[in-house]
Amino acid sequence: MEIESNFIKTIMEEDLASGKVNGIVTRFPPEPNAYLHIGHARAIITNFELAKHFGGKTNLRFDDTNPVKEDSSFVEAIKEDIKWLGYEPANVFFGSDYFEITYNYAIDLIKKNLAYVCDLNQEQMRDFRGTLTEPGKDSPYRNRSIEENLQLFDEMRNGKYADGEKTLRAKIDMSHPNMNMRDPVLYRIIHITHHNTGDKWCIYPMYDFAHPLQDAIEGVTHSLCSLEYDDHRILYDWVVDNCETPHIPHQYEFGRLNITNTIMSKRYLKQLVDNNLVHGYDDPRMPTLTGLRRRGYTKEAIKSFVLGTGLSRINSTVSSEMLENAVRNDLNFKVKRVSAVLDPLRVVITNYPEGKIEWLDAPYNKDNEELGERKIAFSRNLFIEREDFIEEKPNKKWKRLALGVEVRLMFAYFITCNEVKYDDFGNIVELQCTYDEATKSGSGFDERKPNGTIHFVEATTSKKATFNLFEPLMIDSDSKRDLEERLNPNSWKEMSGFVEKAIENTTALERFQFIRKGYFATDYDSEADSLVFNRICELKSSFN
RNA sequence: UGGGCUAUGGCCAAGUGGUUAAGGCAUCGGACUUUGACUCCGAGAUCGCUAGUUCAAAUCUAGCUAGCCCAGCCA
């Protein structure tokens, strides 16, 4: 699948054509402090696909400039997610790889009288910064001599000062209409062990200073980020310009991808996990890549979904149906279609011999012969889906079983329901039916049309299974802003039924279409004697 | 008059002055069907508003309106 036309692709084409750049270099710069989600997938796919399209390359760069928040435990998880999506970075870098060179650039700025050490504390700095509509005031430390700044900054690096005691700030313009230009902090003091550099440093560069330099060092040509960094581009350019880096990268922003009934923010996802509202980051209901993977989504589906949503400078909210459609399209031809009964209702074929089991031929996927075929069992004792039976056929649109009605059991025979058995509470517990031997599947019988085709499973040979059915974890709401209020109490429904014998040896993440019930994937916790399947999504239906 | 960004059918999104404004998702018809699936046909917008420029504008200009982002020593 090719990445379609979008404004960034157009910019790259123009830059290549004009000779502004000789090749395309992009990067995906996650901060190693959270699991990747489907929103990140857009950034990953965009960066890699664009570079690939133009024969360029993409680096993976962990943006680890804040040891307070970051942790190496996320590094491997992030690498794995990217690999799962099918991408291989040209290089794997860490922002912390560049601390020395970043430090030297800071010294250059001091020497050019473009940066100074400031003693204002956080609160004072806020006061001096002004507001959105009022200009700020210069820091009293703004005019220290270059020599003094050099010495102070050296002392900062050497650990002479406590956290927050001093900062290094760019000297730009305290009355600039863009708040980012009001002498932004370049370096702050943090006495914490960094996951990569240990205790070597106690001063750490801010994103706005580090990021453009990292891009410049790596030769990134098009540094893609989300819309909220638009305001920062002016600073990005200021850094690159004043540090006089040999290579000049450029930043381009695009909108975030949101999905209906899906929460993507790190904070909320963490809250869900921490409050045990889900079973961890790989809960099949989570929009994390690890969650989607467990749910059964394929990388191909995620890619076609992301590519299908396009790219623009709008924060878009796409319908979750589009994601579902992407998996259905991907799985439709490439997966086995087998029978599973999620909510079993016993059926006895009264005119079929006791004890006899017959094995009938059935293709795994009639639209993909490569998947081969298997035998399915038929006997006197069967299970059908409880919802496929109703006592009295309500209207002619009802295409399932009813009293006195004949339907086809897929890949088997026509059966007619003659009698319903109830328990003491009036619940239907069994159907007494008869079958017609002449209607055997594949026999070419066409003397009458059945009322419809339903699926079934043979009672003694089928395997017990648990089916996890999902609904959105969160429900979109205009009025309910609170996370807990929006939580969907029905997001996880467990059913227990049977699957046909043919798939008894399934292993984790194998995907199937359970005929008429949807696409499912075998769960990590599935075992031979207790199969567990997660529903990826339902089949489309024009039936209400 | 703080600054920045955005505005194409229900949701995404092509389109960069000149055929009946691509495509996907959703929706509604209809055909087919051993999955009410798949597949196949068919249906919908004059492009936020207003005023201009032009033979010609979604595409250029101006004004207006609406929405989003920015006052972390987070990214």
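These numbers come from the heavy atoms of this one structure, side chains and all, not from hydrogens, waters or symmetry mates. Predicted model, so just to flag it, every value in this text is computed and none were measured.
For the OP1/OP2 pair of rA37(B) and a distance below 4.0 Å, the side-chain nitrogens and oxygens of K517(A) include no atom meeting the criterion. Between rA26(B) and K540(A), a contact under 4.0 Å exists linking OP1 or OP2 to a side-chain N or O.
Y207(A) places its OH atom 17 Å from the C1' atom of rC73(B), with the value rounded to the nearest Å. In this structure, CG of L257(A) is placed 19 Å from P of rC68(B), rounded to the nearest angstrom. As a whole-Å value, the separation of I189(A) CD1 from rG72(B) C1' is 16 Å. If you take CD of E538(A) and C1' of rG36(B), they are 13 Å apart, rounded to a whole angstrom. One atom, CD of E385(A), and another, C1' of rA37(B), lie 15 Å apart when rounded to the nearest Å. What separates CD of E253(A) from C1' of rC68(B) is a distance of 14 Å, to the nearest Å. We find that OH of Y229(A) is positioned 18 Å from P of rC5(B), with the value rounded to whole Å. Here rU39(B) presents its P atom at 15 Å from CG of N368(A), a figure rounded to the nearest Å.
Within 4.0 Å (heavy atoms only), K166(A) reaches no atom of the nucleic acid at all. Residue contacts shown for Q122(A) include a base, since a base heavy atom lies under 4.0 Å away. As judged by a 4.0 angstrom heavy-atom cut-off over every strand, G136(A) is placed among residues making no nucleic acid contact. Residue R337(A) is in base contact, counting any heavy-atom pair closer than 4.0 Å across all strands shown. If you check every strand for non-hydrogen atoms under 4.0 Å, S441(A) touches a base. Residue contacts shown for T260(A) are absent, as no nucleic acid heavy atom lies under 4.0 Å away. Within the nucleic acid shown, H176(A) has no heavy atom closer than 4.0 Å to any nucleic acid atom. Using a 4.0 Å heavy-atom distance criterion, M206(A) is classed as a sugar-phosphate-only contact. If you check every strand for non-hydrogen atoms under 4.0 Å, E324(A) touches nothing. Residue N121(A) is classed as a base contact, given a heavy-atom separation below 4.0 Å to a base.
On the C1' atoms, rA57(B) is 14 Å away from rA51(B), given to the nearest whole Å. rA31(B) and rU50(B) have their P atoms separated by 43 Å, with the value rounded to a whole Å. Distance noted for atom C1' between rC69(B) and rC60(B): 28 Å (whole Å). Comparing the same atom, P, in rU27(B) and in rG18(B) gives a spacing of 35 Å after rounding to whole Å. Rounded to whole Å, the separation between the C1' atoms of rU39(B) and rA58(B) comes to 35 Å. Comparing rU53(B) with rU59(B), their P atoms are spaced 15 Å from each other, to the whole Å. rG15(B) and rA21(B) are spaced 8 Å apart, taking the C1' atom of each and rounding to whole Å. The separation of rU65(B) from rC49(B), taken at their P atoms, amounts to 15 Å, rounded to a whole angstrom.
The ring of Y204(A) has its center closer than 6.0 angstrom to the ring center of F99(A). F62(A) and F94(A) have their aromatic ring centers within a separation under 6.0 angstrom. You'll find the ring centres of F411(A) and F378(A) outside the 6.0 Å limit. Under the 6.0 Å cut-off for aromatic ring centres, H211(A) and Y229(A) do not qualify, their centroids lying 6.0 Å or more apart. Ring-centre distance between F533(A) and F514(A): below the 6.0 Å cut-off.
Counted within 6.0 Å of NZ on K270(A), heavy atoms from surrounding residues, nucleotides or ligands total 12 or fewer; the atom is thus considered open.
Here the nucleotide nearest the side chain of R516(A), chosen from rA13(B), rU35(B), rC74(B), is rU35(B). Closest approach to the R400(A) side chain among rA71(B), rC38(B), rG36(B) is made by rG36(B) (side chain taken as heavy atoms from C-beta onward). Residue T133(A) places its side chain closer to rG2(B) than to any other of rU34(B), rG2(B), rG36(B). Of the candidate nucleotides rU34(B), rA26(B), rA75(B), rA75(B) has the atom nearest to the side chain of N66(A). Among the nucleotides rC25(B), rA14(B), rU34(B), the one closest to any side-chain atom of N325(A) is rC25(B). Here the nucleotide nearest the side chain of D230(A), chosen from rC5(B), rC25(B), rA75(B), is rC5(B). Which of rC25(B), rG72(B), rC74(B) sits closest to the side chain of R126(A) comes down to rG72(B). Ranking rA75(B), rC38(B), rG36(B) by closeness to the F333(A) side chain, first place goes to rC38(B). Comparing atom distances between the T131(A) side chain and each of rU35(B), rA71(B), rA37(B) picks out rA71(B) as nearest. The side chain of R328(A) approaches rA26(B) more closely than any other nucleotide in the set rA26(B), rA13(B), rA75(B).
For the salt bridge (charged side-chain N to carboxylate O under 4.0 Å, His left out) test, residues two or more places apart in sequence or in another chain that qualify with K303(A) are E49(A).
Residues of residues 309-317 of chain A having a heavy atom closer than 4.0 Å to RNA chain B, listed by number: T309(A), L311(A), S312(A), R313(A), I314(A), S316(A), T317(A).
A salt bridge does not link R516(A) to E385(A): none of the charged side-chain nitrogens sits closer than 4.0 Å to a carboxylate oxygen. We find that K375(A) and D361(A) are joined by a salt bridge, their nearest charged nitrogen and carboxylate oxygen being less than 4.0 Å apart. Under the 4.0 Å criterion applied to side-chain N and carboxylate O atoms, E500(A) and R374(A) are assigned as salt-bridge partners.
Residue ring and nucleobase are stacked for F543(A) and rG36(B), with a centre distance beneath 5.5 angstrom and an angle between planes beneath 30°.
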Show your working on salt bridge (charged side-chain N to carboxylate O under 4.0 Å, His left out) between D97(A) and R61(A) and close with a plain yes or no. CA-CA 10 Å; D97(A) 294 341; R61(A) 183 173 69 230; over 6 Å; no
Candidate pair E165(A) and K160(A), rule salt bridge (charged side-chain N to carboxylate O under 4.0 Å, His left out), full reasoning: CA-CA 10 Å; E165(A) 202 174 328; K160(A) 183 170 180 183; over 6 Å; no
Between R144(A) and D119(A), is a salt bridge (charged side-chain N to carboxylate O under 4.0 Å, His left out) present by the stated rule, with each step listed? CA-CA 11 Å; R144(A) 292 216 249 229; D119(A) 296 4; 2.4 Å; yes
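Each of V318(A) and H211(A) lies near RNA chain B, and the nucleotide nearest V318(A) is the one positioned closer to the 5' end.
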What pattern of brackets, bars and dots sums up RNA chain B from 5' to 3', given Watson-Crick or G-U wobble pairs under 3.5 Å, [ ] for crossing pairs and | for another strand? .(((((((.[[[..)..(....]]].(((((.......)))))....[[[[[..)....]]]]])))))).....
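The base of rG3(B) sits within donor-acceptor range of the side chain of D231(A), with an N or O pair under 3.5 Å.
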